[in-house]
Structures are given as C-alpha cells and as structure tokens.
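Below is one structure; the comments refer to it alone.
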Amino acid sequence: MHPGVPELERSHRCSMEGLILTKSLCLTAIEGNVGTAPITLAMAEQLKQNYPNLTAFRPFTPGRIEDDCAFRALLAKLGKEADLDRAWGTTYGELLADEEAAMDTLVKRYFEYVGKDDAVLILGHADGDPVYPGLVARIGRTAANLGTTVMPIFSGTLRGTEEIKTVSHIVTRELSAAHAPVTGAAVLNPPADFAPELPENCTHGQIITCCAEKPDLSAADSEILKAAMEYESAVMTPVRFTASLTARAKADRKRIVLPESEDDRVLKAAAEVLRRGVADIILLGEEDAVAKRAEELNLDLGDATVVRTDDPALLEKYATEFARLRARKGVTYEQAYAKVQDVSYFGTMMVHMGDADGMVSGAAHTTAHTIVPSFQIIKTKPNADIVSSCFLMLMADRVYVYGDCAVNTNPTPEQLASIAVSSAETAARFGVTPRVAMLSYSTGTSGKGVDVDAVVQATELAWAKAPDLLLEGPIQYDAAVDCAVAAAKLPGSPVAGKANVFIFPSLNAGNIGYKAVQRSAKAVAVGPILQGLNKPVNDLSRGALVEDIVNTVVITAIQAQN
C-alpha cells in the first residue's frame, strides 16, 4: 500500500528516549535447589567480556538485601558492590502481600537504577529463595514489566530427557502467557542421552548444557548469551509504559498549571508529581488556603508555586493580550479583564504567554469550561483543522491509541482525516509507531452506505495530508487487529491485523468502544489527551482519581517537550 513513515519514525525514536533500552536478560530457576549460583556467576563472567560495564538487578529478594548472599556474590563478580542498596526492587513478602503495588515499586526502582550501563543481568529466582505457587508466572510478569527476556534454568539431576522436555514446555508456556519472551534455556547436569531441543513458545535462542557445580561455558554458549541479551522485547505492559513516561517527564521537567487547588484530589496529585520529580507544579489559589489544606492532608507542597488569580500585574498582562486576541470578536479590555479572572481562562493565558508549559483541569469543571478557552487563546496547530482527543489504551502487552472518544460528536470526512493524522502524531510522540485503522462496519469494498462512504473519503483525505502514513480504511475492528481475519478480508495490507491507532467514525462509537475495552479487557485508559493545539491543555473527568490526574500531568509535560 504505502511505504514507511520517515517523519513519524524519527519522531518515534525520539519519543522512546526516556524508555530504558539497556540490553538485559533475566536468568531464573524455575524451582528450588536447581544450582543457580555457579551458573549465574559463570554467565556473568562470560557476558562481561562483551559488556565491560555489565551490572545486575534483583527484582525480589527473600528478606534484607544485606542477607541476599547470591545477589551480593553476583554484584561482587561484576565489581558493583557499591550498588547493593539501589540494585533491587522489593521482597518476596511484599510481592505476596500486594503484587500490584510491589510490581510498581520494583519497576520504578529498576528504571531509577538502570540506564548508564552497557547491559543488566537480572537475577530472578535463586537457590535459597522461597518457592510459592505461581512462581513462574510471577517471574514472567516481572520480566514483561521490565522489558526484558527470560532464560529459565532447569535441573537434569533427577529427571530424564523426556521429563526435562515436558517441564520445559510447561514453563515456557507459562512465561509466554505472562508476555515474557523466552530466549533460550539452560539445563544443568543433563542426562547422558539428552538432546537439546528448543521448547515451544521459545522466542529465540538455543539451549546451554553444563555441569552445575563447575560450569564450563564454551564460545558457542557465549554467543547464545549475547544473542539473548540483545533480543529486543516488543512487549509493553501498562506498568512499563507508565514508568517510561515518568522517566521521560523527569528528563526535561516542565511547568504544569493546575487551576483547581480547592479540590483535594488535585492537591494530592500535585504532591505526588512533586515527589516523583516529573514536573514543576503551579497551583491557582490562595497561598494560605493551599498551605492549610495541605497540612490537614499531610501533603508536602513546599515546592509548588501558588499564584493568585487576582494578581493585579498578571491580570493586566493577560487582559491586554486576551483583548488583542479577541478584538475581531469585539472583546474590550474591560470584558477581557473580567474574563481572565476565571481560573480556566487564567490558566490558559499562563500557558499561552509562557508562564506555564501546559495545563490540566476538569476535576471540578466541565469539559467545555476547560477546553473552550484553549480554542479561543491557544488555537490549533497549522496542520490541524480541529482540536480532537485520543486515549492511550494500555493493554496487557501493548499500547493502542483510540481517537476521537471525547470531543467531536459527528466529524465530517475532513475532520476525521485530521483526527487520524493528529492521532498518528500523538502515537509517535508516545512511542507507538503508528499503523492507522479507519474503523467502519465494512472492510474494503465489502459494504455500501453513506457512513462507509464517509470513511472512504476520510481515508483518502488523510493520505493526502500525510502521504507516507501507514493507514487502512474502511476496516472493521476484527480485521484491524486479528491477522487471520485480516488475511481473509484484506490480504497484503501493511495495517490490517497489525493496527495500533484506531479512528472511530463518531464520538458515539468511540466513547462506547474505549469504555467497552477498558472494562472488558481490563485495559488502562490514559486520557483524554487533547491534540491539535499549539500548546498542551488536557481535560480531566470529574470522577478522576488521583492517579488519573498524575498520569495526565505526566502526559501534558511530555507534550510540552520539544
């Protein structure tokens, strides 16, 4: 159909800068007493020849990290003893008590630790660690969240060849079900008749066999390890994606204005944003009132800037500019002065005039109250006909983009084309190389009707706007995501079966669609993200949770980065 997307590909690479792309591999036993210590140290020694600045990370430790002899020995082997306090995530106890919270913690600590090294060897389950039901699945989820691959270690001491093969197939299936790529395996003390056979669901690699007590790894084994270390996982879990956004926001901090300081959720989110160091926060309100409420809520808002909306100097500055912007609409200075005292207009003027880099509002106001000022003041980018929205849908192992699910009710073909191009740009900015599906109840030329014709026209207009964009339409959702359906309905399409940006034909369809997927597939919906504006302003749901507000601030900060 259409060739690659040079501009969007470049944007994709830039947007991935905050994501940890250090080469990595997780070595893990799949049960107790496999004999992991000697083989782990031997593999570390081999890998260090290829990666002189190799480090190690322990996702979960049995207890105090000081007592984790296996991991301390690994760090010592790599000359990284000084990193002991930073190079681990959480404990087995915390993982069992609250897996979601523990996983968030270990991923954040991993991202904070890893990045400047050549590669990282992740030590999963080791001899002496407690063995709990679901161990393999937890290791798989951990590897998926860290964006690494897994090399499981099996013991052949008490097993015959067929039993080893059976166990390896079971383990690799379980790891793959947790979205962890398996890049080979190691079998210690294999039986004499053992013939290495790659387990099913093994993404890549080969099997290493050696003595458990004194592993003697060959040059071929070294190449197997190197290939496993350099395999790039395409898996993107919600935890990993959120952590990558945090890393990007921290790398180039922006000033985000939150107009609704009277809302406790906003204050809590502001404190969390400041604690994570992902953005500088400006709150609109009375400094004394904000400080008093922060104390009552036991929040640290000492680093936030509080700005009064009745500040005479700022009101004069903003009113003069607003009157200039709206002069053709007959707005006088006096009318402008009254208008900019409204928190939404005041905050939007801060963004417009460079006193803030972005705005997040809507926890206590309607969508119109939040975004109408941006239409009047910030206005659209030169290549965007309208302001639209999209959601980042964080699926179990990938990220989808859905647009428009929040702003435009019944977009015309021209507007639908603009939404498609803007959504592709948003996708690229957040690390998703766009393959756009223009959704309809018909695929290709199979259906007729005015609704299908509108999508056909929108597809042609979108191609005219962005000739290199990978885009298909009209297309049904199943043909967009399922390779088997795509092969039957649109064989040869570069998008069908592989789409990741989905453009709904109406707000009705989009809003129903994203909520259905959110609830049924337990996807995390981040947004709505407004797109098409010259500077970022984003709207919150009035039912937004604190974490929703934090995520939206992070998204807005990234949008504000050049």
Side-chain angles (χ1 to χ4, degrees), residues 15 241-242 245-246 248-249 252-261 263 265-266 268-270 272-273 276 278-284 342-352 355-381 384 386-394 399 401-408 419 422-423 425-427 429-430 507 510-511 514 524-561:
S15 71
F241 185 73
T242 303
L245 294 184
T246 298
R248 287 182 56 197
D252 182 14
R253 284 176 63 153
K254 297 299 179 183
R255 301 161 299 163
I256 307 301
V257 59
L258 304 177
E260 300 162 317
S261 65
D263 192 300
R265 294 168 298 167
V266 171
K268 291 175 182 178
E272 180 61 16
V273 167
R276 296 183 191 179
V278 296
D280 296 321
I281 293 296
I282 302 170
L283 294 166
L284 300 188
D342 176 273
V343 291
S344 289
Y345 278 90
F346 193 97
T348 305
M349 287 302 303
M350 292 189 79
V351 176
H352 170 66
D355 295 331
D357 299 308
M359 184 178 85
V360 172
S361 189
H365 294 89
T366 65
T367 294
H369 190 262
T370 298
I371 66 176
V372 166
S374 66
F375 298 163
Q376 298 175 354
I377 298 167
I378 294 176
K379 301 180 181 178
T380 58
K381 295 178 181 178
I386 58 169
V387 174
S388 60
S389 75
C390 70
F391 280 86
L392 299 178
M393 302 296 292
L394 312 187
V399 178
V401 177
Y402 284 9
D404 176 357
C405 306
V407 177
N408 297 285
I419 292 168
S422 291
S423 298
E425 291 173 349
T426 298
R429 176 169 287 276
F430 291 101
L507 180 61
N511 196 269
Y514 103 79
V524 178
V526 178
I529 299 169
L530 294 185
Q531 51 194 19
L533 288 168
N534 277 311
K535 294 185 178 181
V537 170
N538 280 308
D539 178 43
L540 297 165
S541 164
R542 278 174 284 177
L545 303 175
V546 171
E547 190 62 23
D548 297 328
I549 302 173
V550 172
N551 286 339
T552 305
V553 169
V554 173
I555 290 289
T556 307
I558 293 172
Q559 285 181 302
Q561 294 173 348

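In what follows, every heavy atom counts, from backbone to side chain, and hydrogens, waters and symmetry copies are set aside.
- Ion pairing between Glu272 and Arg276 holds under the 4.0 Å rule for side-chain N and carboxylate O.
- Between the Glu260 side chain and the Ala364 main chain, a donor and an acceptor come within less than 3.5 Å of each other.
- Listed by chain and residue number, nothing satisfies the side-chain hydrogen bond (donor to acceptor under 3.5 Å, both in side chains) test with Ser261 (two or more places apart in sequence, or in another chain).
- The two residues Lys535 and His352 come nearest to each other via the heavy atoms NZ-O, 3.2 Å.
- Under the ring-ring contact (aromatic ring centres under 6.0 Å, His included) criterion, Tyr345 pairs with Phe322, sequence neighbours left out.
- Residues Leu258 and Val553 form a side-chain contact, since some pair of their non-hydrogen atoms from C-beta on lies under 4.5 Å apart.
- Looking only at side-chain heavy atoms (C-beta outward), Ile555 and Val526 come within less than 4.5 Å of each other.
- Residues meeting the salt bridge (Lys or Arg N to Asp or Glu O under 4.0 Å) test with Asp539, sequence neighbours left out: none.
- The distance from atom CD1 of Ile377 to atom CG of Leu533, rounded to the nearest 0.5 Å, is 11.0 Å.
- At least one side-chain heavy atom of Leu394 sits under 4.5 Å from a side-chain heavy atom of Thr242.
- For Thr426, the side-chain hydrogen bond (donor to acceptor under 3.5 Å, both in side chains) test picks out Gln531, with sequence neighbours left out.
- When the side chain to side chain contact (heavy atoms under 4.5 Å, CB included) test is applied to Leu507, the partners found at least two apart in sequence or on another chain are Thr409.
- For the pair Thr380 and Ile386, the minimum side-chain heavy-atom distance is 4.5 Å or more.
- What you find for Ile419 and Ser388 is that their closest heavy atoms are CG1-CB, 3.6 Å.
- Gln559 places a side-chain N or O within donor-acceptor distance of the main-chain N or O of Leu530, the cut-off being under 3.5 Å.
- Under the rule for a side chain to side chain contact (heavy atoms under 4.5 Å, CB included), the partners of Ala269 that lie at least two apart in sequence or sit in another chain are Val546, Ile549, Val550.
- The stretch residues 369-381 participates, sequence neighbours left out, in no salt bridge (charged side-chain N to carboxylate O under 4.0 Å, His left out) pair at all.
- Every residue two or more places apart in sequence or in another chain that forms a side chain to side chain contact (heavy atoms under 4.5 Å, CB included) with Pro528 is listed here: Ser389, Phe391, Ala406.
- A search for side-chain hydrogen bond (donor to acceptor under 3.5 Å, both in side chains) contacts involving Asp548 returns nothing, not counting sequence neighbours.
- One distance of note links OG of Ser344 with CE of Met359; it measures 5.0 Å at 0.5 Å rounding.
- With rounding to the nearest 0.5 angstrom, the CZ atom of Arg255 is 12.0 Å from the CD1 atom of Ile281.
- Side-chain atoms of Asn408 come within 3.5 Å of backbone N or O of Val387 as a donor-acceptor pair.
- Within the model, atoms OG of Ser361 and CG of Leu284 stand 8.5 Å from one another, a figure rounded to the nearest 0.5 Å.
- Under the rule for a side-chain hydrogen bond (donor to acceptor under 3.5 Å, both in side chains), Arg542 has no partner lying at least two apart in sequence or in another chain.
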Problem set entry | Residue pair Asp342, His369: steps toward the side chain to side chain donor-acceptor pair (under 3.5 Å) verdict | CA-CA 10 Å; Asp342 176 273; His369 190 262; 2.9 Å; yes

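- Side-chain contact check for Ile256 versus Ile282: every heavy-atom pair is 4.5 Å or farther apart.
- Within the 4.5 Å cutoff, the side chain of Val351 has no heavy atoms near those of the Thr348 side chain.
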Problem set entry | side-chain contact (heavy atoms from CB on, under 4.5 Å) between Val401 and Phe430, worked out | CA-CA 10 Å; Val401 177; Phe430 291 101; over 6 Å; no

Problem set entry | Step-by-step side chain to side chain donor-acceptor pair (under 3.5 Å) determination, Asn538 to Thr556 | CA-CA 7 Å; Asn538 280 308; Thr556 307; 2.9 Å; yes

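- Separating the SG atom in Cys390 from the CD atom in Glu425 is a distance of 11.0 Å, to the nearest 0.5 Å.
- Note on Arg253 versus Asp280: salt bridge recorded, some NZ/NE/NH1/NH2 to OD/OE distance being below 4.0 Å.
- With sequence neighbours excluded, the residues that form a side chain to side chain contact (heavy atoms under 4.5 Å, CB included) with Gln561 are Arg248, Asp252, Lys254, Ile558.
- Asn534 contributes atom CG, which lies 8.0 Å from atom CD1 of Ile378 (distance to the nearest 0.5 angstrom).
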